[in-house]
Each structure stands twice: as structure tokens, then as C-alpha cells.
2 protein chains.
Amino acid sequence: MNKKQQQTEQTKKKIADAARSMFAQKGYKATSIEDIVKATGCSAGNIYYHFKSKEGLFLYLIEDWNREWDQTWLVKEKQYATTIDKLYGMAEYLALDQLSHPLTKAANEFFNNSEKAPDVEERIHVIVQGYIDFNRQLLQQGIDNQELEAANVSGLAIILDSLLFGLNQHSRRMEREETLAAYRLAMDVFLHGIAKSTR
Amino acid sequence: MNKKQQQTEQTKKKIADAARSMFAQKGYKATSIEDIVKATGCSAGNIYYHFKSKEGLFLYLIEDWNREWDQTWLVKEKQYATTIDKLYGMAEYLALDQLSHPLTKAANEFFNNSEKAPDVEERIHVIVQGYIDFNRQLLQQGIDNQELEAANVSGLAIILDSLLFGLNQHSRRMEREETLAAYRLAMDVFLHGIAKSTR
DNA sequence: CACAATACTGAACATTCATTCAGTATTATA
DNA sequence: TATAATACTGAATGAATGTTCAGTATTGTG
């Protein structure tokens, strides 16, 4: 690898790391390019040399995070025998992961602001759709092997995403054990419901 | 009542209505005073004559909305015989409501954003806790009258809020019928789960 | 070495936006 | 009617900030 390429990679990482940390601390809007300039020691222009925009930088961080999740899950998935175990495993992972990734706070703020350029909306849509597809595949698997009721899989995938997304909001005000318990309970409910007389 | 008092009341309502609509549509930060000026036809100065600040205006709307929700629900609740019916009724109401629930999104954004004065933080926290308490009471009722499994009510109240909050995120990209179906399905799952073999 | 490509600088630009305030219009009061 | 109180205007302010760009430094290449 070139010294140039090496330099670029290093700088990009430096900016990404600082930005991630700032976004996590202060949120998306409250983090200015100036903040990242101060944190990295490199110029504003340099940030724009490596990333198209503030939005682009943030999306890069989210997508990077997702890539990491995919990789981790690919390994983690193998240790679970059933789909139900996988669901609990996923819930546990998300509960613990989110504790170390307060970036979700900024992500939520970012996703909730509506005035985005069409290409940004598109990237967000792809990201969200990725979560849904992931859920759908997992649920379909559970239906195929008779663990789950055959049902509206697409709808359930959205329900599951909603549940996890919403829970993430609340978990930010929870301790580790409380968060874990909440995620477990969420999966209990998702799987068995709360009504007294079952079908 | 005075013509002055009448005028004040009318203007305040006009500003509040426009602001509520804008905040619900665009979110808190993305809505500017200028937007409200355009929507109402009155001046920026006038908005500041009637409301202390943008923050103050927003908090006024949230608290106003809570009062209204309490009132509406008090009436609406009576038409449902069982707790389960109430849950479906609430889900339907939230699915169809075009204004109040989107405001929760703005409220969430508002709460998550950069540092607020302690009194503002406190006011928002009370509001969020109010939603949880509402859920808890509803669920406790269902447990008391044998409709729901006796369980960790506080935890379930958070699960329910998570589910509804997360679903609201998705419903932004849905049509009316799709939204209704999603909320109904969410309640189905919340009540009965998706696992094949029930307890 | 010469020239091109890449990496980077940082001041300047352009825009957004909450808030203020001096001043005007309208209404109440005595 | 005179004056005080209230309702309102809208331009100005000032601060924050994403983005650009002309220019410089460093590295690759032939």
C-alpha cells in the first residue's frame, strides 16, 4: 500500500473516530464541523476532502456500524440452535451493543429530521430496509422450521424493528441490567404475548 | 371578555395551531419561527409577545396536547368493554391520528437535542413518564380483571410504549390502510405473540 | 529532475435562525 | 378627548455553521 493511500486511510479513520465520539456525545446537529476540526487537529477542508458532507460523514458512520454488526452476527448466529434462541441472542446483543454505542441517540435525531436531500433519504431508506430484511429472513426461518406461526412476515419484521427501535430509546435511561431485562422481556412478549387465554 | 383579551386568545390559538402543525410535520429544530410567521401571517415579534421563546411555545403545545388527550380518552375509553378492546382502540386512534402522535416525535427530538435548562429537562421527563404511567394503568386494569397475565407491569408499559413509538417511525412511510393494519398487527403480537407452541 | 496527482490548509462565503427593540396601531380607561 | 395599556410590526442583530476554493505541501511517476 502506498504512503498516500495509507495516509488517506489513517486520516479518514481519525476523522471518523472523532466524529463518532462527538456525535455520540452531543448529538448530530449540536456537533459542528468546527468541533471535529478541534478534535482531530485537521482542517475543515480536509474533512470535506475525505467526506462529501456532514450528512455523508454521519451516514458513513452508520453504515460502518452496520457492516460491523453484520460481521459480528455472522459469527454469533452459529452459537444458537433455534430461531427463538437467535431472537433472544439478537436482543441481548443489541441491548449490550447499544450501551457502548450511544451513537444511536444521534442516529435517531438524524433519522427524525425530515428535510433531507433525496439521495440522503434514499440512503436512509436502504439502511432501514436492511434492518427489516434482516428481521424478515430471521422470522421466515422460524416459520419454515415450525417454530413460529406462519403469518404476515413482512408485517412482523416491521413490528420487531419497531419494538427494538423504541426500546433503544428507553434503554438510554437504563442501567445495564435493566436494559438486558427489558430486551429479554420484549422478546418474551414478542414470542408469547401478554393475553391470558392463548389461542 | 374584552376585545383585547379576545384578540389575544385568538392570536395565541392561531400561533399555537400553526406551530403544532409545523412541528408535527417537520420536527422541532427544522421548524423555524419564520415558518410560523409565514403560516400565521403575523410577525415574529408577535409570536414572542405571546410566547416566551421557541422552547416555551413547544412546551406549551405538548402540555396542551396532554390535556386534550386525557380528555379525549376519558370519553373514548367508555366505548370499550374490555382492556383488550381498549388496547386495540388506542392503537387505532394512534394509527389514524395525524397530529398528536407525530408531535411525540418532535418531543423526542426536542428532548434528545443539546442541553436544555434543568427545568425544561424536568418538564419533558414528567411528560414522558406520563405516557408510561398511562400504559401501566391500562395494563394493570387488564391484569386485575383477568384479561392479561399477571407480570412485570412497569416493564410491559415500556414495551408497549416502545412498540407504539417505533411503529410511528415506520408509519411515516405508510399509507393509511397499511398503517392501520400495522398497528392492529402490533396489538395482535403484543397480546398473543408469534411463537407456535404457546405456554 | 520534472510534472502530475494527491493530501491538505484555513480564511472567506453564504445562509439560517432565534431573539430583540424601537416604533406604530388599536383598544381600554378616566 | 387625552392618556395609559395592550397588541403588533418587521427590520436589524448577532451568533452559529456547513461548505467552498484558491493556494500550498507532500508524494508518486516516468
Side-chain angles (χ1 to χ4, degrees), chain A residues 1-20 22-23 25-61 106 109-110 113-121 123, chain B residues 1-20 22-23 25-61 106 109-110 113-117 120:
Chain A
M1 187 185 282
N2 239 333
K3 194 170 183 181
K4 289 257 179 190
Q5 293 171 309
Q6 206 174 310
Q7 186 63 256
T8 280
E9 196 171 293
Q10 188 186 313
T11 303
K12 229 176 150 176
K13 187 176 182 332
K14 187 170 68 177
I15 294 169
D17 287 344
R20 182 166 31 239
M22 296 303 293
F23 283 135
Q25 258 182 259
K26 306 179 58 173
Y28 177 73
K29 193 120 187 186
T31 296
S32 64
I33 299 296
E34 182 61 25
D35 287 333
I36 302 169
V37 165
K38 274 178 196 152
T40 54
C42 72
S43 67
N46 201 13
I47 294 169
Y48 279 84
Y49 179 75
H50 289 288
F51 297 93
K52 193 184 150 212
S53 62
K54 189 186 173 186
E55 273 182 348
L57 170 55
F58 190 77
L59 284 169
Y60 171 86
L61 292 176
E109 178 199 340
F110 183 80
N113 278 349
S114 56
E115 298 202 330
K116 307 267 178 230
D119 63 316
V120 175
E121 288 274 12
R123 273 174 88 179
Chain B
M1 187 185 283
N2 240 331
K3 194 168 183 182
K4 288 258 179 192
Q5 293 172 308
Q6 206 174 311
Q7 186 63 258
T8 280
E9 195 171 293
Q10 188 186 312
T11 303
K12 228 176 151 177
K13 185 175 183 331
K14 188 169 69 176
I15 293 169
D17 287 344
R20 181 167 32 237
M22 296 303 294
F23 283 135
Q25 254 183 261
K26 306 176 60 172
Y28 177 73
K29 208 133 191 176
T31 297
S32 64
I33 299 296
E34 182 60 25
D35 287 331
I36 302 169
V37 166
K38 274 179 196 151
T40 55
C42 73
S43 67
N46 202 13
I47 294 169
Y48 279 84
Y49 179 76
H50 290 287
F51 297 95
K52 190 185 151 213
S53 62
K54 191 185 172 185
E55 261 185 2
L57 170 55
F58 189 76
L59 283 169
Y60 171 86
L61 291 176
E109 176 202 343
F110 180 79
N113 264 352
S114 44
E115 294 143 32
K116 307 274 172 211
V120 176

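In what follows, chains carry the letters A, B, and so on, assigned in the order in which the sequence lines appear, proteins first and then strands, with residues in each chain numbered from 1.
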Using a 4.5 Å cut-off on heavy atoms from C-beta on, say whether the side chain of [Y] contacts that of [X].
X      : Y      : result
B:N46  : B:K14  : no
B:T8   : B:K4   : no
A:F110 : A:V120 : yes

Exercise. Looking across every strand, which nucleic acid part, if any, lies under 4.0 Å from A:T40 by heavy atom: base, sugar-phosphate, or nothing?
Worked result: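 If one applies the 4.0 Å heavy-atom cut-off, A:T40 turns out to touch nothing in the nucleic acid.
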
Exercise. Contact class for B:K3 (heavy atom, under 4.0 Å): base, sugar-phosphate, or nothing?
Worked result: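 B:K3: backbone/sugar contact only, no base atoms under 4.0 Å.
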
Rounded to whole Å, how long is the line connecting atom [atom1] of [X] with atom [atom2] of [N]?
X      : N      : atom1 : atom2 : answer
A:F110 : D:dG18 : CZ    : C1'   : 13 Å
A:I47  : C:dG10 : CD1   : P     : 12 Å
A:F58  : D:dG18 : CZ    : P     : 13 Å
A:I36  : D:dG18 : CD1   : C1'   : 11 Å
B:H50  : D:dT6  : NE2   : P     : 13 Å
B:Q7   : C:dT27 : CD    : P     : 8 Å
B:K4   : C:dT27 : NZ    : C1'   : 4 Å
A:K38  : D:dA16 : NZ    : P     : 10 Å

Would you say [N] has OP1 or OP2 under 4.0 Å from some side-chain N or O of [X]?
X     : N      : result
B:S32 : C:dT16 : no
B:Y49 : D:dC8  : no
A:T8  : C:dT6  : no

Problem set entry | Residues A:R20, A:D17: salt bridge by 4.0 Å N-O rule |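 Yes, charged N to carboxylate O under 4.0 Å.
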
Give me the distances for all protein-to-nucleotides 19-22 of chain D N/O pairs that come in under 3.5 Å?
{"residue": "D:dT19", "atom": "OP2", "partner": "A:Y48", "partner atom": "OH", "Å": "2.4"}
{"residue": "D:dT19", "atom": "OP2", "partner": "A:K54", "partner atom": "N", "Å": "2.9"}
{"residue": "D:dT19", "atom": "O5'", "partner": "A:Y48", "partner atom": "OH", "Å": "3.3"}

Problem set entry | Closest to side chain of B:S43, choosing from C:dT6, D:dT17, D:dT9 |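 Shortest atom-to-atom distance from the side chain points to D:dT9.
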
Exercise. Which of the following nucleotides, D:dT9, D:dT6, C:dA7, is nearest to the side chain of B:C42?
Worked result: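 When the side chain of B:C42 is considered, D:dT9 is the closest of D:dT9, D:dT6, C:dA7.
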
Problem set entry | From CD (A:E34) to CD1 (A:I36), nearest 0.5 Å |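 The distance works out to 10.0 Å.
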
Problem set entry | Distance in Å, A:L57 CG paired with A:F23 CZ, rounded so as to fall on 0.5 Å steps |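 The CG atom of A:L57 sits 5.0 Å away from the CZ atom of A:F23.
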
Exercise. Closer to the 5' end of DNA chain C via nearest nucleotide, is it A:Q5 or B:T31?
Worked result: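 Mapping each residue to its closest nucleotide by heavy atoms, the 5'-most match is A:Q5.
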
Problem set entry | Flag, side chain of B:K54 to backbone of B:Y28, donor-acceptor distance under 3.5 Å |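 Judged by distance alone, yes, a pair lies under 3.5 Å.
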
